[in-house]
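Input: a single structure, listed below in structure tokens.
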Amino acid sequence: MIRGYAVRLAAVALAAALTATACSGGDDAPARPEPVAGGAAALPGPAPAGLALRPPPSGAPGAPAVTGALTDGSPLALADLWADRPVVLVFFTSWCTLCADRQAALGELARRHSDAVVFVGVATEDKPEDVQRYLREHRVGYPVALDVGGGIWRSYAVREPPAVVVIAKGGALLRGWPGGVDAATLDAELRRLVLAP
């Protein structure tokens, strides 16, 4: 009788140990990788029906229809984005202090206009891990291209960060700011150039 009791007690203890390990994931469970900031998950869905936009001015030059890769390696084609709605390109680096100073306000502006305008960050001269740190620290919610060779920057004549470019739906190049722009000015220009009242 004592032996049967000991066997049952051992079985209960073993079951409890297995359950605890299964529920906690155990010490050997691999950590889930943190999602990549600025990747394909940050791309917008389809433009809302009935999106009211201003037509681009006649004679506006076409923006360079460059391609690249997002932070998670997903392909990016700017022409695919501006087929649906205007695009704002934000050229930055993780080590640019003015970029960092303006990022919170630009991020809020991007969230406010997310249905009507696509913001896309473009980073160069940077390590991917430093860009990830910057995106997480500043809570950047829009897609970001890693311009490893600087080709996108050169296509838009950007020499140093920050810089901002506005492109109309359809690809007309509307306005650029070498040296960047504050969010209030950019908001006013978006309302003047692309967003219908």
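FYI, the numbering just counts along the sequence from 1. Note: hydrogens, waters and symmetry copies are ignored here, and every other heavy atom, side chains too, is used.
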From CG (Leu43) to CG (Leu81), nearest 0.5 Å: 6.5 Å

Treat each ILVMFWY residue as a node, draw an edge where side-chain heavy atoms are under 4.5 Å apart, and state whether Val36 and Phe119 are in one component. no

So which pairs with a foot in residues 121-141 pass ring pair (Phe, Tyr, Trp, His ring centres under 6.0 Å), sequence neighbours left out? Phe92-Tyr134, Tyr134-His138

Does a side-chain N-to-carboxylate-O contact under 4.0 Å join Asp187 and Arg112? yes

Salt bridge (charged side-chain N to carboxylate O under 4.0 Å, His left out) partners for Arg111, two or more places apart: Glu108

Look only at the side chain of Thr71 and the backbone of Gly38, and say whether a donor-acceptor pair between them is shorter than 3.5 Å. yes

Could you tell me which non-hydrogen atom of Gly73 sits nearest to which non-hydrogen atom of Ala69, and how far apart they are? O-CB, 4.2 Å

Do Asp126 and Ser94 meet the criterion of a side-chain donor-acceptor pair at a distance under 3.5 Å? yes

Would Arg102 and Leu98 satisfy side chain to side chain contact (heavy atoms under 4.5 Å, CB included), going step by step from the backbone distance to the final call? CA-CA 6 Å; Arg102 291 181 171 168; Leu98 185 54; 3.7 Å; yes

Polar side-chain atom of Gln132 near backbone of Ala37 as donor-acceptor pair, under 3.5 Å: yes

Taking C-beta and beyond as the side chain, do Val90 and Leu106 meet within less than 4.5 Å on heavy atoms? yes

Chi angles and distances behind the side chain to side chain contact (heavy atoms under 4.5 Å, CB included) call for Leu109, Leu186: CA-CA 9 Å; Leu109 186 62; Leu186 180 55; 3.7 Å; yes

Would you call Pro128 and Leu146 a side-chain contact if the rule is heavy atoms closer than 4.5 Å? yes

Could you tell me whether the side chain of Val120 reaches within less than 4.5 Å of the side chain of Val88, counting heavy atoms only? no

What is the minimum heavy-atom distance between Val194 and Ala168, and which atoms define it? CG1-CA, 4.4 Å

Please step through side chain to side chain contact (heavy atoms under 4.5 Å, CB included) for the pair Val118 and Arg85, ending with a clear verdict. CA-CA 7 Å; Val118 180; Arg85 62 193 109 189; 3.4 Å; yes

Indicate, with yes or no, if Leu53 and Val117 share a hydrophobic cluster defined by side-chain heavy-atom contacts under 4.5 Å among Ile, Leu, Val, Met, Phe, Trp and Tyr. yes

Inter-residue atom distance Glu160.CD - Thr93.OG1, 0.5 Å rounding: 10.0 Å

Check whether any side-chain heavy atom of Asp147 lies under 4.5 Å from a side-chain heavy atom of Tyr156, and answer yes or no. no

Do Tyr142 and Leu135 have side-chain heavy atoms sitting under 4.5 Å apart? no

Keeping Ser74 on the side-chain end and Leu70 on the backbone end, is there a donor-acceptor pair under 3.5 Å? no

Got Lys169 and Asp84 here, is their nearest side-chain heavy-atom distance under 4.5 Å? no

Rounded to the nearest 0.5 Å, what separation is found between the CG atom of Leu89 and the CG atom of Leu78? 5.5 Å

Ala63 backbone acceptor or donor facing Trp82 side chain under 3.5 Å: no

Quick one: which of Thr124, Val122, Val158, Leu76 gives a side chain to side chain contact (heavy atoms under 4.5 Å, CB included) with Ile152? Val122

Minimum side-chain heavy-atom gap Pro197-Arg54 below 4.5 Å: yes

Can you give me every donor-acceptor pair (side chain of residues 173-183, partner residue at least two apart or in another chain, under 3.5 Å) with its distance?
from	atom 1	to	atom 2	distance (Å)
Arg175	NH1	Glu189	OE1	3.2
Asp182	OD1	Ala184	N	3.2
Asp182	OD1	Thr185	N	2.9
Asp182	OD1	Thr185	OG1	3.1
Asp182	OD2	Thr185	OG1	3.0

Kindly determine whether Trp153 and Val66 satisfy side chain to side chain contact (heavy atoms under 4.5 Å, CB included), including the steps that lead there. CA-CA 10 Å; Trp153 280 47; Val66 295; over 6 Å; no

Would you say the side chain of Val165 lies within less than 4.5 Å of the side chain of Phe91, judging by non-hydrogen atoms? yes

Here the pair of heavy atoms bringing Pro143 nearest to Ala42 is CD-O, 3.4 Å

Assess whether atom CZ of Arg139 is packed by more than 12 heavy atoms of other residues, nucleotides or ligands within 6.0 Å. no

